[in-house]
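Below you'll find the structure, written out as structure tokens, and then a few comments.
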Amino acid sequence: QHGRTIIHKHQESMELLRHLAVVLVIAGVFGQDDDELALEKKLCQDKSAGELFRLNAGKDSCRDVIQCTAGGLQAIRCPPGLAFDLEKQTCDWKWAVTNCDKLTKEKKVKPLLVTDEPLCEQENWLACGDGICIERGLFCNDVKDCNDGSDENACDQDTDPNRAPECDKSICTLPDCFCSEDGTEVPGDLCPENDRCERVPQMVTITFDDAINNNNIDLYKEIFNKQRRNPNGCDIKATFFVSHKYTNYSAVQEMHRLGHEIAAHSITHRNNETFWTDASVEDWAKEMGGSRLIIEKFGNITDNSVVGLRAPFLRVGGNHQFTMMEEQAFLYDSSITAPLQNPPLWPYTMYFRMPHRCHGNLQNCPTRSHAVWELVMNELDRREDPTYDEELPGCAMIDSCSNIIGGDQFYNFLTHNFYRHFDQNRAPLGLFFHAAWLKNNPEYLDAFLYWVDEVIENHPEVYFVTQTQVIQWIQNPVAVESAKNFAPWQEKCSPGPRESCFTANSCKLDTKELPGEALRMHTCVRCPNKYPWLNDPTGDGITF
């Protein structure tokens, strides 16, 4: 499976190419005689402002598009190797564009939700784009109930007629519900004005995504070396979002024994990002429910502690993903990114509307009410000199902060973002890694460990905890002075050496679902008959 670093580099190069495409304007304003003016008028009459479209369909014309401007038609050509994606309205790699045979992007008729006079007599009925009324509940349910399909064309967090309501603190109360109008409010009453939050413990959550195996086990041993302890005397803890392929489940079992949290990150980690955006409830259940089943069975985890998940590539699956999470009893998601802001956001429950916009290109955020926690990924500030540098977009995964190029700079980045949380509302500071980024850059690892040690030494208010431990604190907030005795943070406080499974079973397996692949899987339990995969997560060789 590919590290997400490649994806982010891909996205950056795409941004560059998109800008380049606009520069490559073919001397384009066409000469104007009456016939051409008439043609131009016809071409432009149903186009929205700035919309790019094709004159000719087909693979050979896929680089070329035009747009209507005040000065006439303007032609634009994508650089070699790219094609124009009508739906995304941007240049993309040729292999990724599937609409070369179309001339214009799909026209979506909008329903008539906001009108001067109500169009529908019945209560809780709304009008389709053609004026015909249907029940409110039929809107945005993935089935086209209007003749013109308009009931499925206005379904984001601002327009879905069945969207989650705004935060109502009179009914949203701890321990099961937490929300605030702008998402920055501190839980409990430890920091009433959201200012001077000295009594609030500063939580730091370190997470790692993808497989746990021989490529990174030694890295984790170095970071979590039993010497680094929280102020309560317990080892610092982290959360591992584990994808299945190439994972060593004996190592997963050991990380869990040491008190780290294991969470789901899918079975396949499919590279097609739009799969995750569009996946059905059943697809999500197979990927994440199946992932949890594999982790529990082969990592021998029997305490029902696999309760969280993160979507591959942070591609949120909208209401489908969160419906699955309710049905499969997942406690929290940690895939939604919040744009860089001060003060940062606290985690929230999804019963009410998200307190920030749906952030990211083509993201599919949930709009409905869901009984799930969101451990939101606050973007980090990557400016070298935040006092003087101009605004830069933030970054959520550390390896996507592309301007980090040295150990000292990374140390300054960590320090600045730490105090951005610590000196404001003490929202949990999330440091989201892929192991390879630290492993392949020893100076980053040195800077990271130096920073962790410095924080532990200088800040008795700081606790490095798991994602679930963050939720446990929000549900029952305790002040810094009581945090040392907070029971959920003392679980598996500082386990001793391993006492069983010194040599794991090394299982050589295959599965019909991955023809031609022979895979090795390490586990402390008995080897299964087949390599566990989507339709046979237990590896029994019986597919569902």
Side-chain angles (χ1 to χ4, degrees), residues 1-7 206-228 235-271 291-292 294-301 306 310 312 397-399 431-446 448-449 452 466 495-511 514 516-528 530-533 537 539:
Q1 82 206 2
H2 301 295
R4 208 171 284 134
T5 317
I6 296 167
I7 297 297
I206 298 169
T207 76
F208 287 94
D209 291 7
D210 300 337
I212 297 179
N213 54 35
N214 286 346
N215 294 335
N216 47 42
I217 293 170
D218 55 341
L219 171 76
Y220 300 147
K221 277 186 182 152
E222 188 175 350
I223 297 171
F224 308 105
N225 63 357
K226 319 285 293 160
Q227 308 303 308
R228 297 190 171 94
D235 299 340
I236 66 171
K237 304 291 197 298
T239 303
F240 294 84
F241 291 96
V242 178
S243 53
H244 169 49
K245 207 172 190 187
Y246 310 120
T247 280
N248 175 330
Y249 288 96
S250 158
V252 168
Q253 182 171 336
E254 176 63 1
M255 296 311 278
H256 173 257
R257 188 188 71 81
L258 291 171
H260 300 293
E261 179 176 357
I262 307 297
H265 192 47
S266 83
I267 292 180
T268 66
H269 204 293
R270 279 176 228 239
N271 288 324
S291 165
R292 175 172 60 189
I294 291 170
I295 289 166
E296 288 177 341
K297 177 165 182 171
F298 298 104
N300 206 12
I301 296 176
V306 184
R310 177 169 287 160
M397 298 297 296
I398 302 261
D399 51 17
L431 301 174
F432 310 122
F433 291 100
H434 288 98
W437 191 81
L438 287 172
K439 180 109 179 170
N440 297 341
N441 299 285
E443 61 176 315
Y444 295 165
L445 178 60
D446 290 345
F448 176 58
L449 295 179
V452 170
T466 68
R498 193 169 198 166
E499 291 177 358
S500 63
C501 190
F502 296 109
T503 309
N505 294 318
S506 175
C507 316
K508 192 178 178 192
L509 303 166
D510 60 13
T511 168
L514 297 170
E517 288 192 53
L519 294 142
R520 199 164 282 284
M521 187 177 87
H522 294 85
T523 175
C524 296
V525 301
R526 193 173 64 80
C527 288
K530 292 286 177 185
Y531 189 69
W533 204 247

Problem - Side-chain donor-acceptor pair present, T239, R310, cut-off under 3.5 Å - result: no

Practice task
Identify the heavy atoms of T207 and F432 that sit nearest to each other, and give their distance.
Solution key: OG1-CD2, 3.1 Å

Exercise for the section: Using modelled atom types only, decide if a donor and an acceptor are shared between the side chain of H260 and the backbone of F224 within a distance under 3.5 Å. Expected result: no

Handout entry: Distance (rounded to the nearest 0.5 Å) between E222 CD and L438 CG
Key = 9.5 Å

Problem - Close aromatic pair by centroid cut-off 6.0 Å: F241 and H269 - result: no

Problem - side chain to side chain contact (heavy atoms under 4.5 Å, CB included) evaluation trace for F298 with V525 - result: CA-CA 6 Å; F298 298 104; V525 301; 3.8 Å; yes

Practice task
Measure across P532 and P537 and return the closest heavy-atom pair with its distance rounded to 0.1 Å.
Solution key: CB-O, 3.2 Å

Exercise for the section: Any chance you could measure I212, atom CD1, to Y249, atom OH, to the nearest 0.5 Å? Expected result: 9.0 Å

Handout entry: Ionic contact status for R228 with D235, cut-off 4.0 Å
Key = no

Practice task
With rounding to the nearest 0.5 Å, note down the distance linking NE2 in H265 to CD1 in I295.
Solution key: 10.5 Å

Practice task
Check the pair F433 / I206 against side chain to side chain contact (heavy atoms under 4.5 Å, CB included), numbers first and verdict last.
Solution key: CA-CA 8 Å; F433 291 100; I206 298 169; 4.1 Å; yes

Problem - Of Q253, M255, H256, the residue whose pairing with I301 passes side-chain contact (heavy atoms from CB on, under 4.5 Å) - result: H256

Exercise for the section: Rounded to the nearest 0.5 Å, what's the gap from CD1 on I223 to CZ on F208? Could you check? Expected result: 4.0 Å

Practice task
Compare every heavy atom of A263 with every heavy atom of V306, then report the nearest pair and how far apart it is.
Solution key: CG1-CA, 4.2 Å

Handout entry: 4.5 Å side-chain heavy-atom contact, S266 and S291
Key = no

Exercise for the section: Check whether any side-chain N or O of N225 sits under 3.5 Å from a backbone N or O of Q227 as a donor-acceptor pair, and report yes or no. Expected result: yes

Handout entry: Pairwise side-chain contact, C501 with R257, heavy-atom cut-off 4.5 Å (strictly under)
Key = no

Exercise for the section: Check whether any side-chain N or O of N441 sits under 3.5 Å from a backbone N or O of Y444 as a donor-acceptor pair, and report yes or no. Expected result: no

Problem - Spacing of H522 atom NE2 and T247 atom OG1 [to the nearest 0.5 Å] - result: 12.0 Å

Handout entry: Any donor-acceptor N/O pair, N505 side chain to C527 backbone, under 3.5 Å
Key = no

Handout entry: side chain to side chain donor-acceptor pair (under 3.5 Å), paired with K439, selected from D218, N215, N216
Key = D218

Fill in the blank from the handout: Output for pair (K530 NZ, D510 CG), nearest 0.5 Å, gives 4.0 Å

Fill in the blank from the handout: Looking only at heavy atoms, the pair that brings K245 and A211 closest together is O-CB, 3.5 Å

Problem - Minimum heavy-atom distance between R498 and S250, given as atom pair plus value - result: NH2-O, 3.1 Å

Exercise for the section: Kindly indicate whether the side chain of W533, heavy atoms from C-beta on, has any atom under 4.5 Å from the side chain of I294. Expected result: no

Handout entry: Shortest non-hydrogen contact between P495 and K226, atoms and distance
Key = O-NZ, 2.6 Å

Practice task
Verify side chain to side chain contact (heavy atoms under 4.5 Å, CB included) between Y531 and H244, making sure each step is shown before the conclusion.
Solution key: CA-CA 10 Å; Y531 189 69; H244 169 49; 3.4 Å; yes

